[in-house]
Amino acid sequence: MNNRNRVLTVNDLQTTFFTDSGEIPAVDHIDFHLHDGEILGIVGESGCGKSVTSLSIMGLIPSPPGKIVGGEILYDSLNLTRLSEKEMRKIRGNEIAMIFQEPMTSLNPLFTIGNQMIEAILIHEKGWSKKKAEERAIEILKLVGLPRADGLMKEYPHQLSGGMRQRVMIAMALVCNPKILIADEPTTALDVTIQAQILKLMKELNVRLGTAILLITHDLGVVAETCERVIVMYAGQIIEEAPTKLIFENPQHPYTKGLIQSVPDMRFKKDRLHSIPGNVPKPGSIKSGCRFAARCEFAFDRCLHENPELYSTADVHQTRCFLYDEERVTVDEHKAIIES
Amino acid sequence: ACGKGSSSSKEDTLVFGRGGDSTSLDPSRVTEGETFKVTVNLFETLLNFGEQDTTIQPGLAKEWNTDDGLTYTFNLEEGVKFHDGTDFNADAVVANFERWANGDADKFPYYNSMFGGFKGDEGHVIESVTADGEYTVIIKLKRPQAPFLKNIAMSMFAIASPTAFEKGDDQFERNPVGTGPFEFVEWKANESITIQKFDGYWQKGLPKLNKVVFRSIPDNSARLNALIAGEIDLADGINPSDAEKIEGDDKLQLIKRPSMNVGYLGLTVTRPPFDKKEVRQALNHAIDKETIINSFFEGQANAAKNPMPPSISGYNDDIEPYEYNPEKAKELLAKAGYPDGFEMELWAMPVPRPYMPDGAKVAEVIQSNLADIGIKAKIVSYEWGTYLDKASKGEADAFMLGWTGDNGDADNFLYVLLDEDNIGSNNYTYFKNTKMHDLFIEAQTEVDEDKRVELYKKAQVIIHDEAPWVPLAHSTPLLAAKKGLTGFLPHPTGSDLLSNVEFK
Amino acid sequence: MLSYIGRRIMQLVPVLLGMVFIVFMMIRAIPGNPAQLILGQQATAEAIATMNAKLGLDQPWYTQFFKYLGGILQGDLGESMRTRLPVADEIWPHLAATIELAFFAIIIAIIIGINAGIISAWFQNSWFDYIAMILALVGVSMPIFWLGLLGQWVFAIEFSWLPTTGREQVRDPVHAITNLYIIDTMIQGRFDQLWQVMRHLILPGVALATIPMAIIARMTRSSMLEVMRSDYIRTARAKGQKMFWVVYKHAFKNAVIPVLTVIGLQMGMLLGGAILTETIFAWPGIGRYIYDAINFRDYPVIQSSILVIAFIFVMINLVVDLLYGLIDSRIKYD
Amino acid sequence: MSGKTPKLDGIIEDEKEKTNGPWREAWRSFRKSKSAVAGMIIIIFFILLALFGPLIAKEGINEQFAPDRFQPPSSEYWLGTDDFGRDILSRIIHGSRISLSVGFLSVIASVIVGSFLGIVAGYYGRWTDTIISRVFDIMLAFPSILLAIAIVSVLGPGLENALIAIAIINVPNFGRLIRSKVLSIKEDEYIMAAKAIGMKDARILYSHILPNSMAPVIVQGTLAVATAILEAAALGFLGLGAQAPQPEWGKMLADSKAYLQSAPWTMIFPGLSIMLTVLGFNLMGDGLRDALDPKMKS
Amino acid sequence: MSTKPLLKVENLKKYFPLKKGLFGRTVGFVKAVDDLSFHVNEGETLGIVGESGCGKSTTGRLLMRLLEPTEGVVEFDGKELTSLTQEEMRITRRDIQMVFQDPYASLNPRHTIGKILEEPLIVHGVLDQIERKKKVKEFLEVVGLNEYHAKRYPHQFSGGQRQRIGIARALMTNPKLIIADEPVSALDVSIQAQVLNLMQDLQKDFNLTYIFIAHDLGVVRHISDRVAVMYLGKIVEIAESEQLYERPLHPYTRALLSAVPVPDPDFQKEQIIIEGDIPSPADPPTGCTFHTRCPFKMDSCTKVTPQLNEQSLGHSVACHLYDSKVDNDIKQMEGSL
Ligand SMILES: Nc1ncnc2c1ncn2[C@@H]1O[C@H](COP(=O)(O)OP(=O)(O)OP(=O)(O)O)[C@@H](O)[C@H]1O
Ligand SMILES: Nc1ncnc2c1ncn2[C@@H]1O[C@H](COP(=O)(O)OP(=O)(O)OP(=O)(O)O)[C@@H](O)[C@H]1O
Ligand SMILES: [Mg+2]
Ligand SMILES: [Mg+2]
């Protein structure tokens with residue numbers, strides 16, 4: 001897995017919203033990367049910064065009030081944070097495409113599907129004739145499993161069901177064969193049976209087209225079924241990162257553990273759910289110490305004053321928790337002993 | 001016809017800005033001045049007024065005479081043609097009189113009031129109008145009517161082309177055909193009326209202008225602005241306050257219309273406390289006419305002491321005006337039983353009129369004058385229609401109003417405005433005096449001018465003493481024109497003949 | 001669609017009937033007698049009585065009302081009491097004058113207002129946004145009669161750049177065909193006159209345009225801001241679309257409906273509400289016509305012209321509603 | 001595990017902040033908007049002027065002093081004098097009383113009548129709704145200024161009648177607003193919740209629906225004061241509103257428009273006063289809308 | 001747990017008329033709830049699941065008569081609710097309370113929490129002012145909030161706290177039955193667990209009966225004793241929750257269960273992905289409403305509407321596969337599943 005190319009690398013990214021009521025560090029020093037052709041999941045509760053991360057990559061942070069204040073986003077070796085709006089436009093939709101949570105509102109209600117598909121093509125394929133673009137649009141609509149693609153071209157979004165719209169969104173994202181597809185909670189608004197259809201489609205496309213997918217979700221089930229690797233976010237930070245299997249078998253961060261335990265499982269009945277006390281904090285509301293300390297049953301002194309780093313506990317497993325800092329502590333202690 | 005004037009290099013189109021549009025172009029059917037302003041140039045009357053007064057001059061009739069004041073003979077101009085080519089002759093005149101006499105008050109309101117009714121009516125003055133040959137017309141009256149010739153000279157009794165009006169009255173008032181120096185071209189409602197030189201006009205060399213456009217600009221200041229900007233050449237209804245400025249402008253000239261009007265404050269004698277003569281006299285003493293004239297007529301007026309202007313024969317100049325004297329006024333009030341004054345409504349005119357350019361403001365001065373003698377006056381105003389209606393019903397305590405003479409006869413002021421016969425119409429004060437009434441009736445049938453003058457002078461003494469009015473001013477209505485405009489002689493009646501006007 | 005229009009017009013009937021009734025009753029409540037006004041100060045009591053009879057004013061109100069209604073149903077708007085002309089003939093030139101002015105004004109207002117609103121929303125919180133919005137606020141707060149007078153003073157009198165009043169150069173009057181002078185001069189190929197007509201439109205047009213312009217700008221801005229937050233705008237940008245097209249194609253089309261509503265309402269307002277401008281600029285329009293008619297108690301004129309204006313007003317709304325459907329296929333007319 | 005006792009949950013990280021009601025909250029966000037505060041300052045300025053100005057302005061408003069006619073602004077007459085030689089500043093100060101009271105009173109009257117009709121129409125629906133809505137439709141199909149002119153013609157010109165006319169023409173605006181508000185609040189889930197606890201209709205109306213429709217009424221009301229002032233001035237300008245010698249701004253404008261060129265100050269200042277006051281209300285209305293309308297809140 | 005039915009529903013229907021045109025002609029009906037029959041025993045939790053628009057919320061509202069049913073009988077605690085007058089019903093609402101999906105929208109933004117909680121007591125005229133305040137305080141604590149929260153407004157709380165307030169409000173009048181319409185679907189996972197636990201605790205403490213509406217099958221299983229599965233306004237299957245999840249009978253239930261992603265990457269499940277979308281309730285398919293998407297569609301499915309049949313004790317299903325006539329076929333089908 002490691003020998004695969006990194007198509008996207010995020011280093012120390014910081015995105016802050018400068019609002020009337022203060023600065024909100026919605027994304028607070030995050031590092032991660034996406035391999036060629038993999039499906040990487042990002043999970044976390046509402047407001048933890050998942051969408052802001054993805055919008056930062058796309059260069060679509062609403063500004064003002066938002067701004068990328070630090071770090072870099074490397075697409076291959078191109079730093080996206082440095083690009084001009086014009087250069088960025090060439091990347092968007094062409095190299096990196098994105099689909100959003102709400103299929104109901106993500107399509108412009110006043111233009112036909114065809115119009116919006118063709119637009120997406122012509123933006124990047126300057127020399128194409130309208131006819132050619134239309135053919136391509138129909139081809140790709142068929143690819144995402146939409147019946148009567150020809151007819152759909154002339155229809156308006158409101159004439160389609162939610163599942164169909166999400167398929168159109170995916171088709172629109174794929175028209176230019178992007179390297180990366182960012183999917184921000186693509187199925188949250190859909191019914192389970194429809195969700196299953198869409199997830200299946202995304203997996204198929206990932207295999208067929210080799211598109212790397214960054215799948216954002218808050219549903220651990222979706223992650224378990226779809227992703228190879230998972231990032232868990234909490235209050236603007238990555239708190240754990242590991243291959244999917246590892247996360248579920250051996251969750252390390254107390255929050256990840258709690259999260260996994262608090263989901264009612266359909267397969268069997270738990271007597272009582274585990275519950276993490278307290279509320280999900282807003283980014284920036286906790287100034288010092290570990291963001292999770294206040295809700296953490298294992299919290300100790302250090303947690304309240306110092307923010308832990310991401311500690312690698314295994315080759316592919318990283319956790320932001322002092323509980324996994326033991327090694328270092330011991331090393332430091334050794335040093336101290338030797339020096340004395 | 002359009003676009004005709006645009007090419008010629010000599011300036012021969014006059015744009016005359018005025019306050020309102022005409023309602024009709026058939027002068028016999030309306031009573032309103034804006035119509036006559038136009039029709040006086042389209043039509044002619046048997047007799048004319050003087051250029052700037054109301055003396056009787058020849059018109060379409062070059063001579064006229066009467067022996068007994070009952071039979072009048074008119075000898076007509078020959079070779080005159082209507083704009084439509086119809087010949088003007090005695091038959092045409094008869095046809096016009098027949099038309100009027102067979103109408104009703106609704107159709108020909110002025111005929112009704114000037115000649116006492118229509119054919120068959122008891123009060124109808126005209127016995128018959130007949131042609132005696134091509135160019136002689138004989139008018140017989142039932143009884144003498146003193147101002148008869150003046151009446152004949154009024155612009156409403158203009159002679160129209162029978163061919164034209166026989167097509168129908170309603171059709172005619174949109175397409176007027178007369179013998180005047182100008183013929184009708186176009187009427188754009190509320191915007192402009194265009195008339196142009198009548199090539200077949202009988203008086204050689206007239207008119208001097210090729211075209212005249214009457215343009216309605218309701219707002220006085222806007223009209224002046226248009227004049228300054230050169231969009232119009234002549235503007236009626238200039239605010240007295242602008243006079244100084246116009247005189248100072250070397251591109252403009254100020255033109256004064258001879259005054260034949262009176263502006264007054266009427267006191268409704270049926271409403272206490274104005275039923276008391278002393279109170280009415282007190283008001284006469286209390287009001288500072290000088291300030292009013294200086295401030296709101298900008299000096300373009302004379303203080304009034306009688307209900308008619310001095311230019312009209314019969315004016316009594318011997319009358320001593322009530323002096324401005326608040327103390328005396330207070331005394332009179334006390335005598336009448338109001339030592340501490342009282343409260344009253346003071347009705348202010350909502351619209352500017354030549355005799356009262358700014359009623360509301362004058363009312364404010366009067367209000368403060370009255371306050372000086374302890375009378376609390378509340379200024380009330382209705383819009384014009386209501387104002388007249390309510391005032392004529394005697395609902396006002398004191399109201400401002402005025403009158404512009406139609407034919408320059410004393411009867412047209414005194415009888416119309418103050419006689420008991422006109423209570424409910426133009427006598428808004430409800431003033432009644434038998435002695436005065438008798439004088440008026442006598443004067444109406446008296447043909448001897450000197451005797452008439454005496455009668456009216458006597459009447460004025462009575463009016464002065466009874467004081468149903470506070471006569472305020474005889475204003476000089478102002479016009480302004482472009483510098484090069486000559487030959488424009490404004491007429492006291494407000495109907496200005498433009499045939500001599502030209503640009504230099 | 002056609003049946004929708006038909007139904008809408010059917011729904012109009014009670015509104016218009018109600019209006020006729022209200023206007024009818026209201027103007028009869030205005031004190032003052034038309035006969036007196038027609039006949040003038042000199043009129044005798046009997047003349048007034050004859051006149052009343054002739055005008056039918058001596059009949060009970062319901063007889064008058066139903067007579068009037070009956071006339072309207074036959075397309076007869078009555079006859080002016082003052083000028084004795086059929087109201088239908090008289091109305092058009094006045095209405096045309098106002099329509100020309102109102103259209104000119106609304107077009108200025110739309111072009112400037114919409115673009116100012118769009119740009120303000122696009123560059124929210126920029127100096128352009130601030131200045132445009134302050135101007136817009138000043139615009140809605142403007143007593144237009146004051147603005148008109150000042151404009152007249154500065155541009156027509158002090159600098160003589162523009163004519164002070166009227167619709168045309170009176171010395172060279174436009175030959176009226178449709179009474180819409182812009183069209184008339186074009187039909188006749190008189191482009192010199194067209195130029196003059198346009199010059200006459202500018203001052204009153206701008207004065208009249210001020211308020212709608214400001215309202216449209218504000219409405220466009222807020223509607224655009226709302227739309228710009230929506231998901232499909234993000235989608236359009238994620239496709240790599242240029243901001244210009246995102247704003248003018250995707251966002252504007254979605255933002256335009258409330259703006260259209262406002263435009264429709266304002267246009268209706270301009271048609272009848274131009275009285276002040278018409279007074280100041282001696283514009284021979286319908287507002288002035290009605291105002292004079294009120295002063296003269298010219299009942300048929302008041303009734304009919306208000307009816308006509310209201311009818312146009314409601315028709316504008318209908319057109320606006322139909323436009324919604326053209327823009328937004330989700331809106332169905334059935 | 002801490003999940004055992006639900007009582008523990010939720011109270012962590014709950015600092016005891018002050019209670020902030022929605023009104024206080026609105027006030028906070030209102031205060032943040034510079035333009036809203038500017039608007040409020042303008043209004044307060046004019047209100048103070050109206051209340052105390054007459055004490056300061058020593059010149060009588062109606063004292064005519066003919067020798068001082070048309071004095072340009074000077075140290076003696078800050079804003080100059082008019083055609084009666086009256087001090088324009090004093091008249092403007094007194095005029096603020098008229099404009100503000102016409103603005104406020106007419107709007108209050110239309111809010112009361114409009115709310116009543118709107119609630120009846122919105123809450124009871126059916127034929128009352130149909131009738132009331134139709135009447136509103138009819139009234140709204142008149143150009144408002146024409147309607148005002150017609151009403152004033154019926155009642156007779158004068159300040160009180162102008163006020164009544166303005167109040168009448170604004171009734172349908174408020175009526176519709178309230179009606180639509182009532183209709184939309186009726187569908188809100190907390191109304192469902194109130195019904196679910198067995199609340200009576202009347203109580204729902206006055207304890208839930210009314211308070212929640214107040215915010216837009218306040219916003220609309222503030223903006224309506226602005227238009228009312230403009231309308232009053234327009235009527236004054238046409239001679240149908242305030243009568244002489246009342247120093248109403250619109251009337252002052254009309255009285256002095258003849259002197260635009262010779263004494264421009266006579267009309268510039270009243271016009272400015274109208275514009276400023278109206279601007280103040282518009283600014284404040286905008287600020288209130290942002291503060292009170294939850295839809296605009298981010 | 002007693003087996004006495006607290007609530008009995010028979011043939012409950014709600015058709016919303018589709019209006020059209022100037023005079024509001026009715027041109028059709030949205031059959032939001034179409035012929036439901038079920039019962040809820042005292043002290044138990046009945047879960048109702050189904051995809052969006054299938055009529056879950058409508059059912060909930062019909063039970064409280066917040067909507068008037070088109071047809072059918074609701075019997076609560078021996079009383080026939082559907083025949084009560086408005087006033088009687090209003091009073092009866094003391095005993096049936098509701099918890100809503102969107103905790104923010106269901107709280108009046110202009111009232112303090114104290115007022116919101118006190119209101120049910122005022123409305124039903126129970127207790128005097130002092131006692132009411134005491135009870136408010138008590139119940140705030142019951143749901144894990146604090147006394148001082150009474151002075152605050154809804155917008156000052158987090159989603160989970162608001163939902164606690166919603167629950168507290170429902171408890172104020174000591175109801176017997178609580179209808180919870182998706183009470184946790186707007187909440188985050190970790191918060192959801194808190195609220196579910198709270199609801200379970202309260203059920204024990206106050207001997208409550210729940211009707212728990214949700215679309216999350218995991219949550220429903222966790223909290224329910226029995227579960228009803230709805231599809232297009234009809235119950236297609238109802239059973240003890242163990243039964244339903246372990247041995248689902250209806251093809252829709254199976255598809256639904258198989259579609260739920262399981263948070264366990266190692267778990268291998270049968271994948272039945274049903275094609276297509278839910279048809280519109282305004283124009284439901286004839287016969288079995290599921291036949292358009294059913295992998296086991298038979299001829300009879302397009303024509304005959306299947307009735308709920310009890311297959312084993314307490315386990316009913318509405319599917320022609322289980323009609324006795326086609327008993328043989330079932331066995332074959334079962335094999336192939
Ligand atoms: N336009 C904005 N202005 C101010 N703050 C913002 C804005 N957008 C996001 N934030 C802040 O950034 C934080 C992260 O938001 P983000 O949308 O990334 O959350 P998320 O993880 O996607 O949540 P969800 O699951 O609800 O979509 C939020 O807490 C929010 O306060
Ligand atoms: N007042 C109403 N008028 C008309 N149709 C309605 C009304 N309320 C609900 N419906 C329709 O009835 C059907 C069932 O709605 P309901 O709200 O009960 O579904 P639900 O199962 O609760 O869905 P969700 O999971 O989205 O909340 C839907 O198709 C809806 O459109
Ligand atoms: Mg998000
Ligand atoms: Mg629901």
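Computation of the quantities below employed the complete heavy-atom set of this structure, encompassing side-chain atoms and omitting hydrogens, waters and symmetry-equivalent molecules. Below, read A as the first sequence line, B as the second, and so on, with proteins coming before strands; counting in each chain starts at 1.
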Interatomic distance, E/His222 atom NE2 to A/Asp271 atom CG [nearest 0.5 angstrom]: 8.0 Å

Counting only heavy atoms not in A/Lys200, do more than 12 sit closer than 6.0 Å to its NZ atom? no

For the interface with chain E, which of A/Ser46, A/Gly47, A/Gly162 has the highest count of heavy-atom pairs at distances below 4.5 Å? A/Ser46

Closest heavy-atom pair, A/Glu45 versus E/Ile191, reported as atoms and distance to 0.1 Å, is OE2-N, 4.2 Å

Region of A/Val222 in contact with chain E, defined by heavy-atom distances below 4.5 Å: both

Roughly how far apart are A/Ser275 OG and E/Asn197 CG, rounded to 0.5 Å? 5.0 Å

So which residue, A/Gln195, A/Met164, A/Gln197, ends up with the most heavy-atom pairs under 4.5 Å with chain E? A/Gln197

Nearest heavy atoms of E/Gly218 and A/Pro264, plus distance in Å: O-CB, 3.6 Å

Shortest non-hydrogen pair, E/Pro263 vs A/Phe248, comes out as O-CD2, 3.3 Å

Within this structure, what is the CZ-CG distance for the pair E/Phe157 and A/Asn279, rounded to the nearest 0.5 Å? 11.0 Å

Please determine, by modelled atom types, if A/Ser262 and E/Gln192 share a side-chain donor-acceptor pair under 3.5 angstrom. no

Under 4.5 Å from any heavy atom of chain A, what part of E/Ser185 do you find: side chain, backbone, both or neither? neither

Using a cut-off of under 4.5 Å on heavy-atom pairs, state which of A/Gly258, A/Gly163, A/Ala196 scores highest against chain E. A/Ala196

Mind listing the closest non-hydrogen atom pair of A/Lys245 and E/Asp266 along with its distance? NZ-OD1, 2.6 Å

Chain A interface, residue from E/Ile274, E/Ile223, E/Ile278 that has the most non-hydrogen pairs under 4.5 Å: E/Ile274

When the 4.5 angstrom heavy-atom criterion is applied to A/Asp219 and chain E, the contacting part is side chain

So what's closer than 4.5 Å to chain A heavy atoms on E/Asp264: side chain, backbone, both or neither? both

Under 4.5 Å to a heavy atom of chain A? For E/Leu187 that would be neither

To the closest 0.5 Å, what do you measure between OG (E/Ser190) and CG (A/Leu273)? 11.5 Å

About how many Å separate CG of E/Asp277 and CG of A/Asp191, when rounded to the nearest 0.5 Å? 9.0 Å

E/Ser158, part contacting chain A, at a heavy-atom distance under 4.5 Å: side chain

Chain A contact via E/Ile273 - which portion, at a heavy-atom distance below 4.5 Å: side chain

Atom NZ of E/Lys297: over 12 foreign heavy atoms under 6.0 Å: no

What part of E/Leu217 is in contact with chain A, defined as an atom under 4.5 angstrom from a non-hydrogen atom: side chain, backbone, both or neither? both

Calculate, to the nearest 0.5 Å, the distance between atoms CG and OH belonging to A/Asp265 and E/Tyr245 respectively. 10.5 Å

Any ion pair linking E/Asp201 and A/Arg272 (charged N to carboxylate O, less than 4.0 Å)? yes

